[in-house]
Amino acid sequence: MSQAPITPSTPTASANETPFRYTAAMARDIEIAWQDRWEEEGTFNAPNPAGPWAEPEKVGALGQKLLVLDMFPYPSGVGLHVGHPLGYIATDVYSRFHRMLGKNVLHALGYDAFGLPAEQYAVQTGQHPRKTTEENMTNMRRQLRRLGLGFDNRRTFATIDEDYYRWTQWIFLQIWDAWYDADAVRADGAKGRARPISELVAELESGERAIPDGDGRAWADLGSTEQAKVLDGFRLAYTDEAPVNWCPGLGTVLSNEEVTNEGRSERGNYPVFRRNLSQWKMRITAYADRLADDLDGVDWPEKVKLMQRNWIGRSHGARVTFPVVLGTGETGGIEVFTTRPDTIFGATFMVIAPEHPLVDSLVPEGAWPEGTHDDWKGQHAAASATPKEAVAAYRLAASRKSEVERQTEGKDKTGVFTGSFATNPLTGQSIPVFVADYVLMGYGTGAIMAVPGHDERDFEYASKFSIPIVRVVAPTAEQADMPLTEWFVGDGVAVNSANDAVSLDGLGIDDAKARIIAHLEAGGIGHGTINYRIRDWLFSRQRYWGEPFPIMYDEDGVAYAVPEEQLPLTLPDVPDYSPKTFDPDDAQSSPEPPLSRVPEWVNVEMDLGDGRGLRRFRRETNTMPNWAGSCWYYLRYLDPANHDALVDPENERYWMARHAEPVAGAPAGTRDPGGVDLYVGGVEHAVLHLLYARFWHKVLFDLGHVSSEEPFRKYFSQGYIQAWAYTDSRGQYVPASEVREEPGKDGEPTFVWEGQLVNREYGKIGKSLKNSVSPDEMYDAYGADTFRVYEMSMGPLELSKPWEIRAVVGSQRFLQRLWRNVVDEETGAVRVADVSPDQALTTQLHQTIAGVREDYEGLRFNTAIAKLIELNNAVTKLDVPPREVVEALVLMLAPVAPHIAEEMWARLGHDGGVAYAAFPVSDPAKIVESQVTCVVQIKGKVRDRVDVAPDISEDELRELVLARDKVRAATANGIRTVIVRAPKLVNVVPL
RNA sequence: GCCCCCGUAGCCCAAUGGCAGAGGCAGGCGACUUAAAAUCGCUCGAGUGUCGGUUCGAGUCCGACCGGGGGUACCA
C-alpha cells in the first residue's frame, strides 16, 4: 500500500501567503483523494471466515470481531439533511477506533427501498418506483461517500434487489412452514419453540396430537381444505378474516403499530376504519413471553426496553366466569379477565363491550325489569322503551363513533343496562350487566367484572349510574368500613372478603390473589392466567411496491408455497402501479391490490410434484410491508454474495457470536444472547422495527438458521439534531438561512427576515419548516472532517441538540490548529521535531490517551474531542511541536476526522495509513505529577490549599494540614474529625 | 392522567459524593491588515430550576414541586 500524501491544491491567488493552510478547499482535495484511495484499496473490507468471500487467514490475523450496525436508511427523494448522518458518523468513529485496536470490524450500509413513501413519491413524479428509488439511492450514496464513512462497500444492497428479496421470501416461507410448540424444550431448558409444520402433520397423523375441534376425527378423514384450515390455525404466518385497520386514503390495510392513538395512519395522517377482511398475519403473540423476558439479556436503553414491555403488555391475573341469566331465561356465563382477582368480592356490576357476541343473547324480550333506574335505559327516550331497543341504539351509536370521537369524549362514561343480571360467584349477589364502550372488545375477554371501590373507571361509572360501591381493600384491617370517597388502589389488606368457603380478610394483596385463584381453580369458577396486550402482526399490504408473497392458491383456495427453486418470485411490471385511490373518508371502500390487475402474473399452471399433475393456481396479490426487508438485513451484510443460504452458518456464528459475559445488569444466570455488537439508531423504531426483527430472529433461531438468540445485543438510541425555524406574522415559515439575528431594544435578540420581524420556533429539520441544511453545504463550506468533528462534539449522542451553523467554525479552527502543528502554512514543511515533551506535557498526553480511549469506547465523543482540543492547545503553545505528542494526537483524531488524519500521518512520514495503525497506549508510569494541589476544607468549605507530593501518606498529610495556620485558627476549640483523601483533599471538622 | 428522560455561564455542553469549568460558540480587549474578513493571542462570564432531606462534604444521592422533551392512554 502506498500512502504518499496528496499534492496540496495549487495556490490560486498570488497574494495567498498561506497556500498550505487547512481551508475548505484544501479539505475537499484531501478528502476526495483519500476517499478514492480507500475505495481503490478496499481499506474497509472485512474478511469473512467462510462462504463465498472466505478469507480465513485474514480473519486469523486480526483480533476479535466487531459487528457495527446503523439503521437501514430509507432513500428519500429530497436527499439528506445534516441531522441524518449523526448516527452514521458515530458508528464510523466507533468502528474506526476498534480497527485501530486490531479488531475485525464489519460496518456496512444498505437501503430499505421498498415501501409506501417510495411508491408515493413515484406516483407524484409519474415515474416507476424502481427508477425514482434508484435515483434516490444514487444521490444518497454520493452524499454519504463524501462523508468518508468506512463502509465495506462490497456488502451493500437494497431490499428491492432480486437477490435480496429472494431470501426475504425464503424466510417468509420458513415462518409460514412453522408452528409454535409451547411445550417443546429449547437447548437452554426453557419451553416453547417454533418447529417445522411437517412435524406437526406427523403428530396429527399419528394421533399423538388431537385435531383441534376435530370432533375426534382422524387426520386422514379430513379433506385437503379442512387439513389446510387446521394447519392455518398453527402456522406462524397465516391468513385470517378479522377486523383490520383499513385506510382508504392509502389504499391499504395497516398494522396496529402503524395506527396512531387518534385512529389515523401514522404515515399521511389519513382516517383508519375497522373492517373485516382476510389478511396475512404473523403469530408474534406466540413469542410474547420470550420477547418480553429476553429483554433482560440485551444492552439497551431502559426506556426502550420499557416501551417494548408496555407494548407486549403482559399482565398476570385470572379469568373468572360469572353465571348469568340469559334473555331466554337459560343460564349462561360471562368470562372476564381481571388483574385483581382479590377484589371479586367487591364486584357490584359487570360491563361487556358493545361488540361482544354475547350481547344479543343477554338482552331479554319485553320490558325492563321491575325497578330499573331511568338513567340505565339509555340517553334517548324514544329508544329506551325496552332493553332490546335501548341496547340496539347504544350499539349502533358506539359502532358509528370513530376513534377520534371516543377520544374527544374522554372519560365521560356512557352505557346501557342489558336487562340481565349475573351472579357474583363469591358473594352470590345478583349484579346488573351493562353494555358500555369503556370496555374494549380487543382486550382481555371483552367483558369485565366492575369493582368500583378499587378501579377508577368503574368508580366513575358506578357514581354516574348509582351503583353500590363496596370496599374490599383497606390500608389496614381497622379501616375496613371507612367510606370510599374515591377508588382505592393503594397497598393494603383484604376486608369484607369472606364467604362460607373462603376468606381473604387480613391478607395482603398478593397473598389474597394467590388464595382466591386457588379457590377459583378448585371450584372450577376460574383460573390464574396471563394476558397480553400485543396482537398478531398484520403483515399484508395492498400496494405494488413491496415483496410479493411466495404463496399461491389452488382452485379450492388452499395455499401452497412457491417452490424454493422458483424464488425470487419477482414483482411484475404493471401497466399502472399506482394504488386504487379512494376518498380517505370512504369507510365502505375495499382494498384492491395492484397485482390483481395483472392476470398473466396472477394465474399460473404448475406441477408441484405432489402426484396431482399440472394444476392451475392463483398467486397471492398482496405484498409484504416494508418491515419485512428490514427484519433481517443485518444478517445479509454478513454474507451478501451467498447464493446457497441467507448467511453461511459459520459466518453467522462468527459475526453474531455470543459474548463470554452477559451484558451489564443482566439477572444472574442470563446467557449472553449474541447479536450485533452495536446498533445505533433513532428511538422512533423502538417498538415496531426492533420488535419485528427480534421476532423473526427468534423464529430463525428456533428453526436452526442462526445461532444467536437476539439480533441486537447492544442498541444505542441516538438523539436528534433539531433546528430553529421562523414564522412570519401570518404564521408562514420563512427560509431559516435568510433570517438574521439582531439585538432588540431591551437587549433580547430579535429575528429579522426581509426587513420584517419573525418568530423563532424549535423543531425537526425538514422541508416543511424551511430549516433544512444539507451535508453538501457543509462539505463546501468546511469539508467533511470539520462537519464530522462538529456533529460529534455537539453534546452527548443520546441527547437531542440544536443545529447551530455559527458554531461549526470552532471545529474547523481546531483542525486548523492541529494541522498547523504538523504543517507550515507557508512552506508546507513538516514542523514537528524529535524533541522530548516536558514532564507536564507527557503526563497530559498519557492522561489524554487513557481518557480518549474510555470516551470512544463509551460513545462519549464530545468529551473525547474536548480532551484532544485541550492537548492540541497545549502543543500549540510550543515553538517546536514534539513528534511523540503530535503523532499520538493525529492517531487519536483519526476515528473522528479520518481524512485530515491520514494526510497528516502520511506527511509525518508514515506508510500504511491510519485506518489500521495501532491506537496509542497510555503508560500509567508516565502519568507522574511532581506536585499535587491538596484542597483543605474546613467543615466542607475550601479554606486553604497546599502543594504536596502525589504519594504523600494519609498520616503525613493529616499532620501537615493540621499544622497550617488557617486550620489551627479554625480548630482552636478542638477537632471533631478529619477526613483525609490523600493526596487531593483534607476536610477538617472542628468541634 | 400515568411512565421515562432532561434542567449547570447569553448558547451548546464538562465535572468516580471532594477546588463548580474540560471543550466549543457568542461577547470584550489586543495582534496581523491601508482597511475588512479570515486567522492568532488574551479575557469576561454561572454557584448548578425551586424547596426540603441524607452526608464531614451534594451539580451529583433521596423526597416534593416548577419548567422542557418523549412515550402511552378507558389495557380491566
Side-chain angles (χ1 to χ4, degrees), chain A residues 18 21 23 261 301-307 310-311 313 315 317 336-340 343 347 351 353 406-407 409-413 436-440 442-451 454-458 460-461 531-534 683-684 686-687 717 719-720 722 741 747-749 762 789-790 793-796 798-814 816-817 820 825 848 851 860 862-873 876-877 933-945 976-979 981 984-990:
Chain A
T18 54
R21 169 169 290 186
T23 60
N261 296 333
E302 280 306 317
K303 181 174 80 160
V304 177
K305 290 189 186 184
L306 191 69
M307 283 166 70
N310 288 343
W311 186 263
S315 48
V336 301
F337 172 75
T338 176
T339 55
R340 293 295 303 274
T343 64
V351 183
R406 280 174 85 143
Q407 187 77 13
E409 284 177 19
K411 299 212 165 190
D412 185 25
K413 300 281 181 296
D437 67 1
Y438 82 89
V439 170
L440 309 175
Y443 185 79
T445 62
I448 61 160
M449 65 169 202
V451 183
H454 305 285
D455 180 276
E456 178 176 355
R457 297 146 302 172
D458 297 346
E460 288 171 354
Y461 194 86
N531 196 60
Y532 301 90
R533 192 182 95 101
I534 191 172
V683 76
E684 73 272 21
V687 175
S717 171
Y720 298 106
Q722 298 186 289
E741 182 176 340
E748 291 293 301
Y762 185 54
V789 170
Y790 175 63
S793 64
M794 289 172 77
E798 67 271 24
L799 255 50
S800 288
K801 296 141 289 203
W803 176 258
E804 192 173 7
I805 201 142
R806 285 190 305 191
V808 181
V809 69
S811 300
Q812 188 185 35
R813 285 180 193 150
F814 162 52
Q816 280 178 335
R817 278 201 299 276
R820 214 168 18 240
E825 288 187 334
T848 302
R860 292 183 298 271
N862 54 325
T863 50
I865 292 169
K867 291 180 174 86
L868 294 177
I869 291 173
E870 204 178 348
L871 180 60
N872 185 52
N873 287 349
T876 302
K877 289 187 171 67
T933 301
C934 177
V935 173
V936 179
Q937 295 181 338
I938 292 166
K939 261 186 105 180
K941 300 269 183 287
V942 179
R943 289 288 180 261
D944 198 6
R945 292 183 177 81
R976 184 191 301 266
T977 182
V978 180
I979 288 126
R981 295 281 179 273
K984 298 202 119 166
L985 178 130
V986 175
N987 186 10
V988 180
V989 186

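Per chain, numbering begins at 1; letters A, B, ... match sequence-line order. Because the structure is a prediction, the values reported are computed rather than measured. Because only heavy atoms are used, hydrogens play no part in the values below, and waters and symmetry mates are left out as well, while side chains stay in.
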With the side chain of Lys801(A) defined as its heavy atoms from C-beta on, choose the nearest nucleotide among C13(B), G71(B), A76(B). C13(B)

Side chain of Lys413(A), base of C74(B): donor and acceptor closer than 3.5 Å? yes

Would you give a per-nucleotide map of nucleotides 34-42 of chain B, 5' to 3', where B means the base has a protein non-hydrogen atom under 4.0 Å away, S means only the sugar-phosphate does, and - means neither? -----SSSS

Arg533(A) CZ - U72(B) P separation (whole Å): 8 Å

Is G47(B) in the syn range, within 90° of 0, or in the anti range? syn

Taking atom C1' of C12(B) as reference, at what distance in whole Å does atom CE of Met794(A) sit? 8 Å

Nearest whole angstrom, please: distance from the C1' of A76(B) to the CZ of Arg457(A). 5 Å

I'd like to know if Arg806(A) reaches the base of C25(B) with its side chain, counting only an N/O donor and acceptor under 3.5 Å. no

Using only heavy-atom distances, decide whether a donor-acceptor pair under 3.5 angstrom links the side-chain of Gln937(A) to the base of G18(B). yes

Pick the C1' atom in A26(B) and in U43(B), then give their distance to the nearest Å. 14 Å

Respond yes when some side-chain nitrogen or oxygen of Asn310(A) is under 4.0 Å from OP1 or OP2 of C3(B), and no when none is. no

For Tyr532(A) and for Gly810(A), find the nucleotide of RNA chain B with the closest heavy atom, then tell me which residue's nucleotide is more 5'. Gly810(A)

What is the distance from CG of Leu799(A) to C1' of C13(B), rounded to the nearest Å? 9 Å

Counting heavy atoms from C-beta on, name the nucleotide in A14(B), C75(B), G70(B) closest to the side chain of Lys303(A). G70(B)

Just say parallel, tilted or perpendicular for the rings of Tyr443(A) and Phe337(A), cut-offs at 30° and 60°. perpendicular

Separation of Asn872(A) atom CG from A22(B) atom P, in whole Å? 18 Å

